[in-house]
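Comments concern the structure below.
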Amino acid sequence: MTDSSDTLENIRAALAPHGLFLRGVLHVDGEGPEMASGHSARTVVLIGNVGGSLWPAFSRWRDEKGVGLDHPLDVWSEAVIRPLAASVSGEAWFPSETPWKPFQQWAMRAEGLKASPLGILIHPVHGLWHGYRGAIGFSERIGDATVPFDHHPCDHCPDKSCMPACPAGAITSTGFGYAACRGYLASDEGQSGCMAAGCLSRAACPVGAGSRYPVEQLRFHMQALSL
Ligand code: B12
């Protein structure tokens, strides 16, 4: 019989060749999403990338599949995570699936992350260079809950250089202005600026600079944002 710490180790080992990580274990007893079985989930295991970790495995897969696939990163994530979830008797969930599951709230609770002025969560080690590719829900308690970080890099950042770095003025104290960002990305200046080199605000953040995405990945995410 497999105990729940083996389950987590099996998940970690299966994700590693794909450059994905078990990011957090959250016990959501009584408040988890309803599972296909009709039970409410009791554990959510968050899966994601840190830095450019997924890019080599994802790029190889995409080269094999050929170009022209819609939302290839979502398709790849499902191809990796869905069979893994089935193998550990869990249920796979994805960030782009509607109705949207609260991935950021889960990450805030499991890892102790908080929002940066950009809207995306900042990680004390990897800064803005991380994301979530899926989650596995379980109808029972699995493993120990992740110990959350207890400090938030933006609290100690005197300059907030991310905010003035946005050429569209989309990062303000009242939140992220998607329309301004999108309009700028469509302009000639935006095409040769953020679209070519990645979001300038994200790049201006000094936290986790060593985890910065490779330029191909930056471009890929910008193209997805401007679709
Ligand atoms: C819709 C969406 C967007 C929309 C609108 C966001 C919004 N106003 O809510 C748009 C298209 C603008 C967007 C943009 C981006 N997004 Co987005 N987005 C989502 C998505 C699919 C749903 C968000 C949601 O409503 N969830 C439902 C509620 C119930 O979940 P929640 O956790 O309780 O909600 C949180 C968010 O709504 C958040 N929030 C509120 N306002 C904003 C604004 C922005 C810009 C963001 C990102 C989040 C955010 O606050 C809540 C936390 O309490 C999530 C995936 C997901 N399932 O959550 C990704 C997600 C939030 N996005 C993500 C990312 C990385 C981006 C981009 C950087 C992508 C890119 N290509 O560059 C940009 C950000 C631009 C920037 N500022 O730098 C990541 C964030 C990871 C992280 N480190 O936190 C997520 C989790 C997807 C993932 N695969 O990891 N996004």
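Bear in mind that the values here come from a model prediction, so they are computed numbers and not experimental data. Note that ligands are numbered from 1 as they come in the structure, with each ligand's atoms numbered from 1 the same way.
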_Checking the side chain of Thr146 only, and the main-chain atoms of Pro148 only, is there a donor and an acceptor separated by less than 3.5 Å?_
no
_With a 4.0 Å cut-off on N to O distance, would you call Arg12 and Glu9 a salt bridge?_
yes
Less than 3.5 Å apart, which donor and acceptor atoms pair up between the side chains of residues 113-121 and the rest of the protein, not counting sequence neighbours?
residue : atom : partner : partner atom : Å
Ser116  : OG   : Leu118  : N            : 3.2
Ser116  : OG   : Ile120  : O            : 2.6

_Check Glu31 with Arg109, please: is the shortest side-chain N to carboxylate O separation under 4.0 Å?_
yes
*Begin from the C-alpha positions of Tyr213 and His221 and carry the test side chain to side chain contact (heavy atoms under 4.5 Å, CB included) through to its verdict.*
CA-CA 10 Å; Tyr213 292 165; His221 289 304; 3.7 Å; yes
*asked:* For Glu97, is the CD atom crowded, meaning more than 12 foreign heavy atoms sit under 6.0 Å from it?
replied: yes
Write 'none' if nothing qualifies; otherwise put on separate lines each N/O atom of ligand 1 with a protein N/O atom under 3.5 Å away and their distance to 0.1 Å.
residue  : atom   : partner : partner atom : Å
ligand 1 : 32 (O) : Gln104  : N            : 3.0
ligand 1 : 32 (O) : Gln105  : N            : 2.9
ligand 1 : 33 (O) : Gln105  : NE2          : 2.4
ligand 1 : 57 (N) : Pro95   : O            : 2.9
ligand 1 : 57 (N) : Lys101  : O            : 2.9
ligand 1 : 58 (O) : Lys101  : O            : 3.4
ligand 1 : 71 (N) : His221  : O            : 2.7
ligand 1 : 77 (N) : Leu118  : O            : 2.7
ligand 1 : 83 (N) : Leu121  : O            : 3.3
ligand 1 : 83 (N) : His130  : NE2          : 3.2
ligand 1 : 84 (O) : Gln104  : NE2          : 2.9
ligand 1 : 84 (O) : Leu121  : N            : 2.8
ligand 1 : 89 (N) : Tyr132  : O            : 2.7
ligand 1 : 90 (O) : Tyr132  : N            : 2.9
ligand 1 : 90 (O) : Tyr132  : O            : 3.4

